[in-house]
Amino acid sequence: MFEILSRELSKEKLFDELLSIVYEQGYSSEQISLLTQAYELARESHQGQIRKSGEEYITHPIKVTILLTQLQVDIHTLCAGLLHDVLEDTECAEETIKKTFGEQTLLLVQGVTKLSKIKFQSQRENQAENFRKLVLAIAEDVRVLIIKLADRMHNIHTLKHLNEEKQKRIARETVEIFAPLANRFGLNFFKWRLEDIAFKYLEPEAYKDIEKIVSENRKTREHYLGKIQKLIEDKVYLVTPNVEVTGRVKHFYSIYNKLKRLNSDEIFDLLALRVIVNKESQCYEVLGIIHDLFKPLPGRFKDYIALPKTNGYSSLHTTVIGPDKKIVEIQIRTPEMHHIAEYGIAAHWKYKESGESVKTRSQYDNSISSLKQKLLTLQNELPDVDEYNEAIKIDLFSDEIFAFSPKGDVFPLPRGATPIDFAYHVHTEIGDKCIGAKVNNRQVTLSTQLKNGDIVQIQTAKNATPSPDWINIAKSNSTRSRIKQWFKKNCRDEYIITGLARVTELVGGKAAYDELNRDNAFDKLAEVLSLKDKDDVFLRLGVGEITHSQVIGRLRNLGYFQKEQESFRAIAAANKQEKQEEAQITELKEFKHSFAKCCHPLPGEDIKGIIVKTKGIVIHKADCSNISNLPEERFMPISWDNAQTEKIFSVAIEIECMDRVGITRDIFDKIAQHKVNITDMRNFKSEQTGMSILRLNVEINSIQTLDKMLTSICSLSDVMRANRLFNN
Ligand code: MN
């Protein structure tokens, strides 16, 4: 397909080629006649114009349109492909296009014309503005981008006719702007080839080197891949006869980037295979077979089926050690995934005109209109675009925003990012010394959420240092880890002390700590966590890089805890419980008994005892729904001796609150005021309300304490509700 782009053919031959493709693709005769009219208008308009290659200008739009047919686009896009340069380069009037081809085609041509006028390599100050224009033009209709990419694809195939300066400029713009945009929309059909050709002009030497290596090894590589292919096929045939295993040469530009990243000359994974099977479930079966045949490299397996990329790409990726210890990259996918991998957003256009598949068509319409909507929303700077996220699969700029420096440099940041993130993205040094920020020339707090297109100015002071609060304020993980890095470096001792205190508490007190320490438990812990020494363990726990459960879990794995017991504290608590239990409920003194896990009855609450054969008496809350249907004879009337005891009971509570900075700390303060201990915490976002939900396990000694504590949490601003959770 691509080779037609660099072949010199007459306009008649080319147009014949185009016609035969559209006939084959089943466009109606009216559509084809419209296309012919577009060709005639374009030919007349470009009459007398010559390309740098010496060819007639009209051959360019025909080639662009031939490329467009590969994406199964609609007839308006094809007509616009033929007409894409007439507004900019010829006398042809907008009215003329509108009259014959309609509003839609005109808008497409206007869109492409607008895009072409943006000069990306111009002054630095204009970069931000240019980027905005680009986004807006695409927002109006994503087909504009498709036409522009096809246009660029042909132009880059004919770069050799331009002078070196122009070659470099266009090649750079292609790699920096258009290939990433193609990637955004999953249009690998354009992306790889654009990059490879641009690369040839940007780094001619490196390109030649890679070309040489790739061709030198071709024979051995193909032979080797053939061998593996056979091994895989033989096994996979047992699962399904519909399997296609193909070797593939990796794209030069990606090889180049990998070499640059790894700082090596060894192209270790030139060897790449693709396996295509019919069904999604078979992808996993094939993965199992491959991992059975060859040892997988750890950390290289990626499941893009369960978690597709934002541009819709899905596949399984793995890297294995093949025969002779050679490393082979393998992709596993279905034909549909493959189609989406190539054509991304355009993958759903296939049935657009013929109406064969209503579902596909409405999917397409949805994704386009949502995309449009989303981008227009960005334009209006409305913060709430979340609702669109769910609606579309192929999603543009969904989890990213773009903020700008006053100089116009663009910084992509995660949605919800704050000036702190921005500062650290500019430079760690800037982040560490940040004292304030202006957004769009207005002074803001550092916790302000940035919006798309914001221009952010960071204020710094020479002697400033980061604040620990920033860890909560920062949105991106990389920012957080940089802040932690600073504290780790500059406040090492304090964090070791904090970490040590936490460990001591976790294992159940000083005595337990000393005993473990005598057994070298913490040195061993450092070893299994791949840390330097036990101080390093405490430091990282103090900074929050490793978690409580990691510490306890690893200690347990090392054999320092018995299986059933949660922690030393749990053991301590259990001992305490045994001693006081008898005094709690007099009626139960003589009986084996336990507390129900479903309702966690608290001292002071109405309770009932249920006689359970294997467990003795189980104590439930009187109104627990799990016991409401049980026959009367199984109940035993009981009551607490005292409303408050020294025994602690584990209770789950749930808090719904706004996701504002510092709210967790406020809640924890309230809980601490009631001298209540938190043993577990989970935090997530409610899908219905978008609010933050905190689920905590707390240790409570009476229902009164719990009630008081919940009331005081509720009194916090931004807390919607706080209540006890039951397991039933
Ligand atoms: Mn053009």
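The first residue in the sequence is number 1, and the count goes up from there. Remember, it's 1-based here, ligands and their atoms both numbered in the order they're listed. What you see below is based on every heavy atom in this structure, not just the backbone, and it leaves out hydrogens, waters and symmetry mates. This structure is a prediction, so every number in the text was calculated from the model and none was measured.
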Visitor: Do Glu17 side-chain atoms and Ile66 backbone N/O form a donor-acceptor pair below 3.5 Å?
Guide: no
Visitor: Give a yes or no answer on whether the side chain of Glu244 reaches the backbone of Ile276 with a donor-acceptor pair at less than 3.5 Å.
Guide: no
Visitor: In the shown structure, where waters are left out, how many protein N, O or S atoms lie under 2.8 Å from the Mn ion (ligand 1)?
Guide: 4
Visitor: With no hydrogens and no angle check, is any side-chain donor or acceptor of Gln167 less than 3.5 Å from a backbone partner on Leu162?
Guide: yes
Visitor: Can you check whether Thr418's main-chain N or O pairs, donor with acceptor, with Asp421's side chain at less than 3.5 Å?
Guide: yes
Visitor: Taking the six-membered ring for Trp and the full ring for Phe, Tyr or His, determine whether the centres of Phe199 and Phe252 are under 6.0 Å apart.
Guide: no
Visitor: Check the angle between the aromatic planes of His154 and His60 and answer parallel, tilted or perpendicular using the 30° and 60° thresholds.
Guide: parallel
